[in-house]
Amino acid sequence: RKEVEQDPGPFNVPEGATVAFNCTYSNSASQSFFWYRQDCRKEPKLLMSVYSSGNEDGRFTAQLNRASQYISLLIRDSKLSDSATYLCVVNPDYNFNKFYFGSGTKLNVKP
Amino acid sequence: DTAVSQTPKYLVTQMGNDKSIKCEQNLGHDTMYWYKQDSKKFLKIMFSYNNKELIINETVPNRFSPKSPDKAHLNLHINSLELGDSAVYFCASSHDRVTGELFFGEGSRLTVL
């Protein structure tokens, strides 16, 4: 079983739509959680950390459900520039950044 | 001024050859990493160094040998290249070994023929 699983998509949505991605992780002892964004043929970049209480950054909201071992990302009012692959990242290790990346969910925002 | 830089960006080589990829970060970070992204887009950690000390060594063939001459540099040498080594190799750094944000280089795309 993979450490982190995501729906690969693609999610094709019109501008202005709200879209949500989920990701599940296998290690219940996982300590920290993140969403990274990767544009085509580029390096991944941190989008946001995910906290137990849920957190929001502008149009982006991240939620963590430890009991069900899933993480979600909600994007409101989608922009063309949001088109990218969104990577769910889990760190099961308390002492090291031993990140496990999901394979990503591709988002295409259309005009 | 690039924060994490890798060279070369592209590498095409024959099976059996030996090649190296170099990485440098100018962020003053203590921890550096090598990740491999295969054709299915999975990013997998290979190695991590903290202040020149190896702290993470995943199950990687011993044909892969990292070397960190100082905390700003982390190189990856690969011996006897195989077809399955074709991938994008990303170098990354973080402030320390537990701070969550990784800063990635642009990647080195290796193609083994």
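Chain identifiers are assigned alphabetically (A, B, ...) following the order of the sequence lines, protein sequences preceding nucleic acid strands; residue numbering begins at 1 within each chain. Predicted model only: the values in this text are computed from it and were never measured.
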If hydrophobic clusters are built from ILVMFWY residues whose side chains come within less than 4.5 Å, do A:L46 and A:F60 share one? no
Over 12 foreign heavy atoms within 6.0 Å of NZ, B:K67: no
Between A:F101 and B:Y35 (judged by ring centroids, cut-off 6.0 Å), do the two rings come close enough to count as a pair? yes
Tell me, for B:F103 versus chain A, whether the close heavy atoms (under 4.5 Å) come from the side chain, the backbone, both or neither. neither
Partner chain B: residue of A:P44, A:G104, A:G102, A:S49 with the largest heavy-atom pair count (under 4.5 Å): A:P44
Measure distances from B:I56 to the heavy atoms of chain A and classify the residue's part below 4.5 Å as side chain, backbone, both or neither. side chain
Is there a chain of hydrophobic side chains (I, L, V, M, F, W, Y, each step under 4.5 Å between heavy atoms) that links A:F33 to A:Y86? yes
Tell me, side chain or backbone of A:Q31 under 4.5 Å from chain B's heavy atoms, or both, or neither? neither
Heavy-atom cut-off 4.5 Å, strictly under: side chain, backbone, both or neither for A:Y36 against chain B? side chain
Over 12 non-hydrogen atoms of neighbours within 6.0 angstrom of NE2 in B:H95: no
List in chain and number order the residues that pass salt bridge (Lys or Arg N to Asp or Glu O under 4.0 Å) with B:E58, two or more places apart in sequence or in another chain; answer none if no residue qualifies. A:K98
Is it possible for you to say whether B:L43 and B:I78 belong to one hydrophobic cluster, with membership spreading through side-chain heavy-atom contacts below 4.5 Å? no
Hydrophobic clusters here meaning ILVMFWY residues chained together by side-chain heavy-atom distances under 4.5 Å, can you tell me if A:W35 and A:Y100 are in one? yes
What option among A:K42, A:R41, A:K45 has the most heavy-atom pairs under 4.5 Å with chain B? A:R41
Passes side chain to side chain contact (heavy atoms under 4.5 Å, CB included), B:F42 versus A:K2? Steps please. CA-CA 11 Å; B:F42 276 103; A:K2 295 188 180 76; 3.2 Å; yes
At a heavy-atom separation under 4.5 Å, does B:N50 approach chain A through its side chain, its backbone, both, or neither? neither
Answer with side chain, backbone, both or neither: which region of B:S48 has an atom nearer than 4.5 Å to a non-hydrogen atom of chain A? neither
B:F64 with B:L74, same ILVMFWY side-chain cluster at under 4.5 Å: yes
Quick one: are A:F34 and B:L102 in side-chain contact, heavy atoms under 4.5 Å? no
How far apart are the closest heavy atoms of B:G105 and A:E43, and which atoms are they? O-CB, 2.9 Å
Does any backbone or side-chain atom of B:K41 lie under 4.5 Å from a heavy atom of chain A? Answer side chain, backbone, both or neither. both
